[in-house]
Amino acid sequence: MRLDLVAEFLADTAVDDGRYRHPVRYPRLREEMDPRDVPKLAEPEEHPGEGAAPLRA
């Protein structure tokens, strides 16, 4: 696999009976970003102001 492009996407984690409730949306390519600069997926972080605790493994 070659990493050539960076794409932005929007998704949520709402699941019913093992299926995602909402489709993943693809708003745009991020041509200003280099694929090597994109962080790997990790545990979700707390978003300021939402009061949600981060998930722990």
Side-chain angles (χ1 to χ4, degrees):
M1 174 174 26
R2 276 184 23 218
L3 302 177
D4 292 330
L5 302 172
V6 176
E8 181 177 334
F9 69 94
L10 303 169
D12 64 29
T13 58
V15 178
D16 281 331
D17 295 323
R19 297 185 62 189
Y20 288 101
R21 292 192 310 191
H22 306 288
V24 173
R25 292 178 293 284
Y26 161 73
R28 63 186 171 142
L29 283 176
R30 298 294 304 264
E31 295 179 19
E32 77 281 5
M33 296 181 74
D34 186 292
R36 294 171 293 212
D37 296 333
V38 176
K40 296 189 184 302
L41 294 177
E43 291 184 24
E45 296 180 15
E46 183 176 351
H47 295 282
E50 290 185 9
L55 298 175
R56 301 277 181 215

Atom CG of D17: over 12 foreign heavy atoms under 6.0 Å: no
Straight-line distance of E8 CD to R30 CZ, nearest 0.5 Å: 5.0 Å
Considering all heavy atoms, the nearest Y26-A7 contact: CE1-CB, 3.6 Å
All side chain to side chain contact (heavy atoms under 4.5 Å, CB included) counterparts of D34, not counting sequence neighbours: R36, D37
For the student: nearest non-hydrogen atoms of V6 and M33, plus distance: CG2-O, 3.9 Å
